[in-house]
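Reviewing the structure listed below.
Lettering follows sequence order; numbering is per chain, from 1.
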Number of protein chains: 4
Amino acid sequence: MILKIDFESEMPIYEQLRRQIIEGIARGELNIGEELPSVRQLAEDIGINLHTVNKAYNVLKDEGYLVIDRRKGAMVKDTFPKATKEYYDSLEKELKFIVADAYCRGMGKDEFLKQCEIYFDEYIESRRERENGR
Amino acid sequence: MILKIDFESEMPIYEQLRRQIIEGIARGELNIGEELPSVRQLAEDIGINLHTVNKAYNVLKDEGYLVIDRRKGAMVKDTFPKATKEYYDSLEKELKFIVADAYCRGMGKDEFLKQCEIYFDEYIESRRERENGR
Amino acid sequence: MILKIDFESEMPIYEQLRRQIIEGIARGELNIGEELPSVRQLAEDIGINLHTVNKAYNVLKDEGYLVIDRRKGAMVKDTFPKATKEYYDSLEKELKFIVADAYCRGMGKDEFLKQCEIYFDEYIESRRERENGR
Amino acid sequence: MILKIDFESEMPIYEQLRRQIIEGIARGELNIGEELPSVRQLAEDIGINLHTVNKAYNVLKDEGYLVIDRRKGAMVKDTFPKATKEYYDSLEKELKFIVADAYCRGMGKDEFLKQCEIYFDEYIESRRERENGR
DNA sequence: GTGGTCTAGACCACC
DNA sequence: GTGGTCTAGACCACG
């Protein structure tokens with residue numbers, strides 16, 4: 001799986017890492033139980049600080065995406081993280097704002113929903129392909 | 001329009017202000033040409049520094065949501081901001097991640113789309129009500 | 001002569017007035033000795049404060065564009081303002097920056113000069129027409 | 001690169017900084033990818049507040065002249081800012097006034113164009129020299 | 001009255 | 001180390 005960092009982005013590097021790893025899991029590029037590169041390895045590959053990778057891994061651990069084993073390093077958890085009340089609350093807040101912004105900018109409901117549907121289908125399709133391919 | 005700030009949030013205060021003002025515009029609570037409180041007034045009401053309000057207003061001005069008149073202060077622009085290529089790019093990036101996260105957490109496509117639809121309808125309905133009420 | 005104020009501009013209203021009056025003189029819409037509207041009249045026409053018009057007129061008086069007579073109000077001076085050393089200095093400073101910015105943005109020398117030439121010719125032509133028409 | 005601030009000028013300090021940095025880029029004194037002093041460093045050197053430097057840097061970032069990297073601070077962007085429609089509009093407005101003023105003050109078209117040409121050539125020459133010198 | 005600018009100094013996140 | 005955010009308080013230009 002290829003990780004791309006935009007050093008000019010306002011988004012913290014660890015957050016960029018976190019998001020791309022979650023997207024990788026959604027697409028099935030990272031499967032349950034799969035080991036991620038070591039902190040040291042990944043940091044060197046991307047050319048960033050070791051602590052930055054560490055932070056991303058630890059956030060994902062706290063969210064329930066990864067387990068971190070002292071010997072084997074980080075791997076994708078065998079169960080997906082729970083959709084807690086906190087998650088739903090923050091999702092609602094985030095989504096409401098995005099919809100408000102899109103609505104103001106003249107984006108139609110259908111166009112927006114269609115786009116969301118496409119993204120969902122991409123993840124579903126990508127996972128199915130990989131599962132069949134195994 | 002009531003603005004609520006969460007001082008514990010990691011999200012900057014000016015960004016919280018920005019988002020709530022956009023949501024207010026989407027709901028029609030803030031109508032075209034409507035004057036917002038002066039930076040000093042709003043800062044005092046919320047209990048924050050005037051520079052923080054100023055920053056929120058200026059970000060919204062740059063985005064095309066507000067105009068700032070030397071005489072009357074800030075007011076809602078009579079045209080909505082353009083949905084530029086930059087906007088679509090960042091929306092895609094943001095939405096893709098949110099969908100990935102939701103998908104991983106077991107949220108179904110239908111549930112997600114339904115929720116988005118509800119938010120859209122809320123804004124549409126809210127605006128219609130206010131327009132009829134005028 | 002029609003004066004248009006952009007209340008949303010960052011440029012002070014009195015400065016917008018000043019510039020448009022100078023452009024009017026350059027185009028020959030305002031001829032030597034021609035009386036400008038009274039401060040009170042112009043302020044009411046545009047819908048701005050009386051003091052704002054006053055400031056514009058006084059700046060133009062100091063620059064040598066207008067003479068202000070207590071009885072007849074403001075009128076275009078019969079001689080053009082001198083191109084003082086101060087003027088040349090500030091012109092150089094301003095022009096150098098504009099050229100630097102244009103150059104960085106990829107504007108060619110020829111394109112830039114061509115544009116300046118067009119503007120010059122417009123003023124020359126406009127004045128000639130009016131002088132012939134009288 | 002030496003930056004000179006006129007504390008008596010009506011032009012805001014951050015705007016003076018902005019202009020001189022753009023001129024520095026045009027002259028090639030600041031090359032693509034070159035790092036600018038940190039806000040604290042530059043502020044101390046000039047004897048102004050760090051927020052003022054920060055504002056200048058951020059304006060230049062928004063214009064597309066600089067990128068601000070969390071790790072390295074501000075640096076000259078590898079691509080020059082686009083000459084947008086907004087840019088051309090404001091350039092036209094500005095240039096038209098300057099030409100009108102110069103014309104009224106008896107400055108001939110040839111003299112004006114000659115001067116613009118000289119400035120352009122200075123930037124072109126300065127950049128060439130530096131590129132050869134590298 | 002309005003916002004714009006500047007200063008001074010604090011704390012924080014990120015790297 | 002870097003910039004980002006927030007506060008507090010000052011002065012100014014504009015209208």
Side-chain angles (χ1 to χ4, degrees), chain A residues 5 7-17 43 46-56, chain B residues 5 7 9-17 35-44 46-59 61 66-75, chain C residues 5 7-17 43 46-56, chain D residues 5 7 9-17 35-44 46-59 61 66-75:
Chain A
I5 300 300
F7 291 104
E8 299 175 4
S9 166
E10 293 184 10
M11 188 182 292
I13 295 175
Y14 82 90
E15 176 67 12
Q16 295 185 47
L17 277 181
I46 309 180
I48 60 176
N49 194 296
L50 178 147
H51 298 94
T52 307
V53 178
N54 214 321
K55 171 143 188 179
Chain B
I5 300 301
F7 292 99
S9 168
E10 291 184 10
M11 188 182 292
I13 295 175
Y14 79 88
E15 176 67 13
Q16 295 184 46
L17 278 179
E35 293 177 24
L36 276 70
S38 78
V39 288
R40 283 175 178 77
Q41 182 67 49
L42 184 53
E44 195 177 346
I46 307 179
I48 60 175
N49 191 281
L50 93 182
H51 293 107
T52 307
V53 178
N54 206 344
K55 169 139 191 181
Y57 280 7
N58 270 286
V59 170
K61 184 191 77 175
L66 304 182
V67 290
I68 296 179
D69 186 307
R70 224 179 300 280
R71 305 175 298 176
K72 294 186 260 179
M75 58 177 63
Chain C
I5 301 300
F7 291 103
E8 299 174 5
S9 166
E10 292 183 12
M11 189 182 292
I13 295 174
Y14 82 89
E15 176 67 13
Q16 294 185 47
L17 278 180
I46 309 181
I48 61 177
N49 194 296
L50 180 146
H51 298 94
T52 308
V53 178
N54 215 319
K55 171 143 189 179
Chain D
I5 300 301
F7 292 99
S9 167
E10 290 184 10
M11 189 182 292
I13 296 175
Y14 79 88
E15 176 67 13
Q16 294 184 46
L17 277 180
E35 294 176 23
L36 276 69
S38 77
V39 288
R40 282 174 179 77
Q41 182 67 49
L42 184 53
E44 195 177 346
I46 307 180
I48 60 176
N49 191 281
L50 92 182
H51 293 109
T52 307
V53 178
N54 207 344
K55 169 137 192 180
Y57 280 7
N58 270 286
V59 170
K61 185 192 76 176
L66 303 182
V67 291
I68 298 179
D69 186 305
R70 224 181 300 281
R71 305 174 297 175
K72 293 186 262 179
M75 59 177 63

Using a 4.0 Å heavy-atom cut-off across all strands, classify [X] as base, sugar-phosphate, or nothing.
X        : value
Ile48(C) : nothing
Lys55(A) : sugar-phosphate
Asn54(A) : nothing

Taking atom [atom2] of [N] as reference, at what distance in whole Å does atom [atom1] of [X] sit?
X        : N       : atom1 : atom2 : answer
Asn49(B) : dA8(F)  : CG    : P     : 6 Å
Leu42(D) : dT7(E)  : CG    : P     : 12 Å
Glu8(A)  : dC14(E) : CD    : P     : 19 Å
Phe7(D)  : dC12(F) : CZ    : C1'   : 17 Å
Leu50(D) : dA10(E) : CG    : P     : 13 Å
Asp69(B) : dG15(F) : CG    : P     : 9 Å
Glu35(B) : dT2(E)  : CD    : P     : 10 Å
Met11(A) : dA13(E) : CE    : P     : 18 Å

Toward the 5' end of DNA chain E, by each residue's nearest nucleotide, Leu36(B) or His51(A):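 With His51(A) and Leu36(B) compared, the 5'-side residue is Leu36(B).
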5'-most by nearest nucleotide on DNA chain E - Thr52(A) or Tyr14(D): Tyr14(D)
Below 4.0 Å: OP1/OP2 of dC15(E) and any side-chain N or O of Arg70(D):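 Result: yes.
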Nearest atoms (heavy-atom pairs only) where Gln16(B) meets Ser9(B):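 For Gln16(B) versus Ser9(B), the nearest heavy atoms are NE2-CB, 3.6 Å.
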Under 3.5 Å: donor-acceptor pair, side chain of Arg70(D), backbone of Phe7(A): no
Thr52(D) vs Asn49(D), side chain to side chain contact (heavy atoms under 4.5 Å, CB included): CA-CA, chis, key distance, verdict: CA-CA 6 Å; Thr52(D) 307; Asn49(D) 191 281; 4.0 Å; yes
Pro12(C) or Val39(D), whichever maps to the more 5' nucleotide of DNA chain F: Val39(D)
Residue whose closest nucleotide on DNA chain F lies nearer the 5' end, Gly47(B) versus Gln41(D): Gln41(D)
Pairing partner of dC11(E) (Watson-Crick or G-U wobble, both distances under 3.5 Å):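 dG4(F) is the nucleotide pairing with dC11(E).
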Atom pair CD1 (Ile5(C)) and CG (Leu17(C)), whose distance is rounded to the nearest 0.5 Å: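 The CG atom of Leu17(C) is 4.0 Å from CD1 of Ile5(C), to the nearest 0.5 Å.
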NZ on Lys61(D) to CG on Asn54(D), rounded to 0.5 Å: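 Those atoms lie 9.5 Å apart.
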Arg40(B) (side chain) and dG1(E) (base): donor-acceptor pair under 3.5 Å: no
